[in-house]
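Here's the structure, in C-alpha cells; my notes come after.
Within every chain, numbering begins at 1; the chains are lettered A, B, ... in the order of the sequence lines, protein sequences first and strands thereafter. Side chains included, hydrogens not; waters and symmetry mates left out as well; all remaining heavy atoms used.
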There are 2 protein chains.
Amino acid sequence: MALSRTRAARQIRPARPPEKSITLQATKAAQTRGRLLDATIRCLVKFGYANTTTPRVAEEAGLSRGAMMHHFENGMALLQATIVELHEKRLRAFRRAAENPNREVTDLVETYWKQLQKPAFIAFHELAVAARTDAELARILGPLQDEFRAKFNAQAEQLFPEWLEQPAHFHLAMSLSQTILEGMAISLHTGGLEQASVEPMLRHLEVQIRALMPQRPSPLLAETPRIAPLG
Amino acid sequence: MALSRTRAARQIRPARPPEKSITLQATKAAQTRGRLLDATIRCLVKFGYANTTTPRVAEEAGLSRGAMMHHFENGMALLQATIVELHEKRLRAFRRAAENPNREVTDLVETYWKQLQKPAFIAFHELAVAARTDAELARILGPLQDEFRAKFNAQAEQLFPEWLEQPAHFHLAMSLSQTILEGMAISLHTGGLEQASVEPMLRHLEVQIRALMPQRPSPLLAETPRIAPLG
DNA sequence: CCCCAAAAAAAGACATGATTGATTGTCTTT
DNA sequence: AAAGACAATCAATCATGTCTTTTTTTGGGG
C-alpha cells in the first residue's frame with residue numbers, strides 16, 4: 001500500500017462518528033469497519049505490507065471497494081485505523097494478563113511471548129518496518145509505541161514495586177525482555193532463527209530477569225552475583 | 001517492488017558472463033552492475049522495500065531504466081543479485097574482523113554490533129521481511145541465512161574451541177547474541193527501543209556470554225553459577 | 001596508422017496491467 | 001424523503017516487461 005505519495009490528507013474522519021445517537025441500526029457501520037480492519041490485518045500477515053492493496057483488503061473483507069472507501073476516506077486512513085486497532089489489541093491482551101497477577105517472572109515472559117506469536121504482532125511489525133520510511137505512518141506509530149513501552153513497564157512496576165529501588169536493573173530487564181522476545185518472534189518469521197533455539201532462550205531470559213530483580217532469595221539462585229557495571 | 005506475480009523467470013543470466021576473455025574493457029559492465037546493486041541497497045534504506053521500484057533504482061544509479069534492464073533481465077534478478085551482494089558484504093566484514101583474533105568476547109559482540117549499524121543490515125532486513133510473504137525471495141534468502149548462521153558459529157568455534165565441550169551453552173550464546181543484537185538494531189530503527197538502553201544491554205550481553213563460556217576464571221565472575229536447566 | 005563492421009552498453013518508446021481516489025447510482029433504514 | 005451503506009464505474013498515475021534505436025567500445029583488415 002504505497003499511498004504516501006498522494007496529496008496531503010484532507011480531513012481526517014474521526015474513527016467513530018462522534019456518538020450521534022446511541023445504538024442506531026447503523027451499528028452495522030461499526031461492524032463493517034471492524035471487518036475491514038480485520039481484513040487489513042489478515043492481508044498484512046498473508047501478503048505483507050508491500051502487497052496489501054485496497055482491492056485486496058476489500059476482497060478479503062468480502063466487500064466492494066466502493067463500500068470500503070465509504071468508511072475510510074483513503075488508504076492511509078484505513079492503515080491509521082488499523083494501527084490504532086492493533087495497538088488497542090496489544091493493550092487489551094496485556095490488561096487481561098494483568099488480571100492474573102502471580103508475581104512470577106514467568107508470567108511476564110510467557111505472557112508477552114504468547115502475544116508475539118499471534119498474527120497481530122506480525123501485522124504490527126510489517127507496519128513498523130514500513131513506518132521507518134513513511135513519515136505519515138511514523139507520525140501515527142511513534143506515540144503508540146512509546147505508550148506501549150510505558151504501559152509495559154508500568155505493569156512490571158505494579159507487579160514488583162520493590163524493583164524501583166534499582167532503576168538501572170529494572171530498565172535493563174525491561175528492554176532485555178522486549179528486545180529478546182520481539183527479536184525472536186521476528187527472526188522466527190524471517191528465517192534468522194531456528195525453532196529449537198526458542199525454548200532455551202526463554203528459560204535463560206527468565207533466569208536473567210530473576211537475577212536482575214531485587215533479591216528475593218530463590219533456592220536456585222541464592223548467590224547470583226550482582227550484574228556487572230551499571231550506570 | 002511487487003514483481004513476484006510475473007511469470008516464471010525465463011533464463012537466468014549468469015551474474016558474470018562466463019569469463020569470456022579475461023579483463024576486456026567491459027569491466028565497465030561489472031562496474032555498472034555494482035552501481036545498480038549499490039543503488040538498490042540505497043533505495044531499500046531510503047524508501048523501504050514497498051517503494052523500491054525499478055525506475056527509482058535506475059534514477060538513484062544515474063542510469064536509464066533501459067540500461068538497467070540490459071544488465072538484469074527483470075526486477076527479481078536485480079533483487080536476487082542484491083541479496084547475494086548483501087550476503088557477501090556481511091561475510092566479508094566478518095572475515096575481516098576474524099583477522100584480528102583477540103579471543104575476547106567483546107570482539108564478537110562489538111564486531112557484529114558495528115555491522116548491524118551499517119545500512120547494509122537495514123536493507124537486508126527489509127528484504128528478509130518481504131521474503132516472509134514472497135516465496136521467490138524466501139527461496140533465495142533462506143539458504144544464505146543458514147550459511148551466515150553457520151559461519152557465525154564457525155568463527156566463534158574457531159576463537160573458542162573449548163566451548164564445544166558444552167554445546168548447549170554454546171548454541172544458546174550464539175542465538176542470544178544474534179537475537180539481542182539484531183533485535184536491538186531493528187527496534188532502534190522501528191522506534192521500539194530507546195537509544196539509551198543500548199549500552200547497558202551490550203554490557204549485559206557480554207557478561208552473559210562470558211558466563212556461558214567454559215570457565216576461564218574471570219576476576220569478576222569467578223563463581224558464576226551454572227545456567228539453569230539446559231537440555 | 002586509420003577505418004569499419006560487429007558487439008556490447010545505454011537510452012528511449014510502448015503496451016499492459018494494477019492501484020488509487022473520485023464520481024455516480026442503487027438499495028435499505030429511519 | 002433524507003441519510004447512510006453499499007456497489008459499480010471512470011480517469012489518472014505508475015510500475016513492469018518488451019522492443020527498438022542510438023551511442024560507445026573493440027577487434028581486426030587495409
Side-chain angles (χ1 to χ4, degrees), chain A residues 1-11 13-14 16-18 20-36 39-40 43 47 49-79 136, chain B residues 1-14 16-18 20-36 39-40 43 47-79 136:
Chain A
M1 196 170 298
L3 31 68
S4 51
R5 47 172 153 37
T6 61
R7 47 190 172 287
R10 37 208 79 214
Q11 65 216 0
R13 173 174 306 190
R16 289 167 196 157
K20 206 184 241 176
S21 67
I22 325 171
T23 69
L24 80 170
Q25 187 84 17
T27 313
K28 189 191 216 167
Q31 184 185 346
T32 307
R33 235 187 297 265
R35 269 169 61 194
L36 282 170
T40 306
C43 283
F47 309 120
Y49 176 81
N51 297 324
T52 294
T53 66
T54 37
R56 234 180 283 245
V57 170
E59 183 190 347
E60 183 77 19
L63 283 178
S64 75
R65 217 175 72 86
M68 166 170 156
M69 301 305 275
H70 173 69
H71 289 279
F72 296 96
E73 204 72 32
N74 54 29
M76 182 55 83
L78 176 66
L79 284 188
E136 188 81 2
Chain B
M1 195 173 298
L3 31 69
S4 50
R5 47 173 153 34
T6 62
R7 48 190 172 287
R10 38 206 81 212
Q11 66 217 1
I12 294 171
R13 174 175 305 192
R16 288 166 197 158
K20 205 185 246 175
S21 66
I22 325 171
T23 69
L24 81 170
Q25 190 83 17
T27 314
K28 184 193 216 169
Q31 185 185 346
T32 308
R33 235 188 300 265
R35 270 170 60 194
L36 282 169
T40 306
C43 283
F47 309 120
Y49 175 81
N51 297 325
T52 294
T53 67
T54 36
R56 235 181 282 244
V57 170
E59 184 190 348
E60 183 78 18
L63 284 177
S64 74
R65 218 173 73 86
M68 164 170 159
M69 302 305 275
H70 173 70
H71 289 278
F72 297 95
E73 204 70 31
N74 53 32
M76 183 54 84
L78 176 67
L79 283 189
E136 187 82 1

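- A sub-4.0 Å separation between OP1 or OP2 of D:dG4 and a side-chain N or O of A:His71 is absent.
- Following rounding to the nearest Å, B:Leu79 (CG) and D:dA15 (P) show an atom-to-atom distance of 15 Å.
- Among the nucleotides D:dA5, D:dA7, C:dT19, the one closest to the side chain of A:Pro55 is C:dT19.
- Following rounding to the nearest Å, B:Leu36 (CG) and C:dA10 (P) show an atom-to-atom distance of 9 Å.
- Following rounding to the nearest Å, B:Arg35 (CZ) and C:dA9 (C1') show an atom-to-atom distance of 12 Å.
- The CD-P distance, from A:Gln31 to C:dT29, rounds to 14 Å in whole Å.
- With distances taken from any side-chain atom of A:Ala67 to the nucleotides D:dA7, C:dA9, D:dA15, the minimum falls on D:dA7.
- Computed from coordinates, the B:Asn74 CG to C:dG17 C1' distance equals 16 Å when rounded to whole Å.
- Residues passing the side-chain hydrogen bond (donor to acceptor under 3.5 Å, both in side chains) test with A:Arg35: none are found, sequence neighbours excluded.
- Distance, A:Met68 CE to C:dA22 C1': 14 Å, rounded to whole Å.
- Taking CG of B:Leu78 as the start and OG1 of B:Thr40 as the end, the distance is 3.5 Å to the nearest 0.5 Å.
- Side-chain proximity of B:Arg65 to D:dT18, D:dG4, D:dA15: nearest is D:dT18.
- Comparing D:dA5, C:dT19, D:dG17 against the side chain of B:Met69 picks out D:dG17 as the nearest.
- Smallest separation of non-hydrogen atoms from B:Leu36 and B:His71: CD1-CB, 4.2 Å.
- Judged as a side chain to side chain contact (heavy atoms under 4.5 Å, CB included), and not counting sequence neighbours, the contacts of A:Ala39 are A:Arg42, A:Val57, A:Glu60, A:Ala61.
- Rounded to an integer number of Å, the gap from NE2 of B:His70 to P of D:dT25 is 14 Å.
- Set against C:dT19, D:dA15, D:dC6, the side chain of A:Thr32 has D:dC6 as its closest nucleotide.
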